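Quick caveat, the model's predicted, so the values are computed rather than measured.
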Amino acid sequence: MSGYKLSNAGDAMTIGEQEVGTGKTIQFGKFTSCVGVIGKKSDGSLVGIHLVRFGSDGEPFKLDDIPTVKTQLSGLSDITIIGQTDFWEQDLLDGIGGRVVGGTDDGIFRATTDGSGKIVVTKVS
């Protein structure tokens with residue numbers, strides 16, 4: 001494994017690069033070449049993972065790094081990938097799994113659930 005590491009975010013409303021945050025509402029730091037992976041827990045709260053194309057050690061996110069993400073997604077439903085998905089190889093996105101709703105949009109994104117429990121993503125800036 002390349003050493004791609006994830007750590008816990010101090011605040012679910014400021015999930016930074018290579019961080020994981022949990023809350024009823026979550027917000028990612030700005031995406032430039034990043035993607036956010038969102039999953040829903042059985043209690044309706046959300047888990048957000050902020051993935052960078054290149055880790056803090058300069059190594060690219062690779063297929064070998066997917067198990068690190070999958071561990072965080074274990075037991076979650078409605079997996080959704082947002083952000084700069086066009087900068088990521090399709091095999092990486094497929095390996096992470098879930099519904100891809102990104103593209104080339106950069107910015108800061110927030111996610112919550114609506115009254116029916118559906119994940120709703122909005123661009124904050």
Side-chain angles (χ1 to χ4, degrees):
M1 186 169 267
S2 72
Y4 195 94
K5 303 285 185 213
L6 294 172
S7 60
N8 290 324
D11 182 348
M13 294 303 290
T14 55
I15 302 171
E17 293 182 347
Q18 293 184 252
E19 289 186 342
V20 179
T22 303
K24 291 288 184 184
T25 301
I26 59 173
Q27 183 170 302
F28 295 95
K30 186 174 183 175
F31 292 155
T32 52
S33 64
C34 306
V35 296
V37 183
I38 304 164
K40 187 169 59 173
K41 296 173 88 173
S42 61
D43 67 0
S45 63
L46 300 177
V47 174
I49 307 169
H50 188 149
L51 300 178
V52 293
R53 189 62 192 93
F54 290 89
S56 57
D57 59 1
E59 289 290 318
F61 186 91
K62 299 182 259 199
L63 288 171
D64 289 347
D65 299 318
I66 290 173
T68 302
V69 176
K70 294 293 248 185
T71 297
Q72 298 291 329
L73 299 175
S74 179
L76 302 180
S77 63
D78 302 335
I79 305 301
T80 305
I81 303 173
I82 64 171
Q84 295 278 354
T85 58
D86 286 355
F87 290 117
W88 288 63
E89 289 84 5
Q90 190 61 47
D91 61 340
L92 295 175
L93 299 174
D94 290 345
I96 294 167
R99 182 173 63 105
V100 177
V101 295
T104 58
D105 212 10
D106 64 356
I108 297 173
F109 294 85
R110 180 179 296 158
T112 191
T113 55
D114 65 13
S116 68
K118 178 182 175 188
I119 295 174
V120 177
V121 176
T122 54
K123 184 174 181 179
V124 177
S125 65

_Show the nearest heavy-atom pair for residues T113 and K40, with the distance to one decimal._
CG2-CD, 4.0 Å
*For the pair E89 and K62, find out whether any cationic side-chain nitrogen is under 4.0 Å from an anionic carboxylate oxygen.*
no
*Examine distances only and state if a side-chain atom of K24 and a backbone atom of L46 form a donor-acceptor pair shorter than 3.5 Å.*
no
_Value rounded to 0.5 Å, distance of CZ in F54 from CD in E17_ = 12.5 Å
*For G117 and D78, which heavy atoms make the closest approach, and how far apart are they?*
O-OD2, 4.4 Å
_Under the criterion side-chain contact (heavy atoms from CB on, under 4.5 Å), I'd like the reasoning laid out for F31 against I82: C-alpha separation, chi angles, the key distance, then a yes or no._
CA-CA 10 Å; F31 292 155; I82 64 171; 3.9 Å; yes
*Rounded to the nearest 0.5 Å, what separation is found between the CD atom of Q90 and the OG1 atom of T85?*
8.0 Å
*Under the side chain to side chain donor-acceptor pair (under 3.5 Å) test, which residues partner T112, sequence neighbours left out?*
T25
*Given the rule that I, L, V, M, F, W and Y join up when any side-chain heavy atoms are under 4.5 Å apart, are V121 and L73 in one cluster?*
no
*Within the side chain of R53, is there an N or O that forms a donor-acceptor pair under 3.5 Å with the backbone of P60?*
no
*For the residue pair A12 and T22, what are the closest heavy atoms and their distance?*
CB-O, 3.3 Å
*Measuring from F28:CZ to L51:CG, what's the distance to the nearest 0.5 Å?*
8.5 Å
*Measure across A9 and G21 and return the closest heavy-atom pair with its distance rounded to 0.1 Å.*
CB-CA, 4.1 Å
*Which heavy atom of H50 sits nearest a heavy atom of I15, and at what distance?*
ND1-O, 3.0 Å
*Calculate, to the nearest 0.5 Å, the distance between atoms CD1 and CG belonging to I49 and L6 respectively.*
6.5 Å
*Under a 4.5 Å side-chain heavy-atom rule over Ile, Leu, Val, Met, Phe, Trp and Tyr, are W88 and L63 clustered together?*
yes
*Can you tell me how far CD of Q18 sits from OH of Y4, rounded to the nearest 0.5 angstrom?*
4.5 Å
_Close side-chain approach of Q84 to T32, heavy-atom, < 4.5 Å_ = no
*Could you tell me the separation between the SG atom of C34 and the CZ atom of F109, rounded to the nearest 0.5 Å?*
11.0 Å
*asked:* With heavy-atom distances below 4.5 Å as the criterion, would you say the side chains of K41 and L76 are in contact?
replied: yes
*Determine, using the 4.5 Å side-chain heavy-atom cutoff (strictly less than), whether I119 and I26 are members of one ILVMFWY cluster.*
yes
*State yes or no: do V35 and V100 share one hydrophobic cluster built from I, L, V, M, F, W and Y residues joined by side-chain heavy-atom distances below 4.5 Å, directly or via other members?*
yes
*asked:* Hydrophobic cluster membership, with links at side-chain heavy-atom distances under 4.5 Å among I/L/V/M/F/W/Y: are I81 and I66 in one?
replied: yes
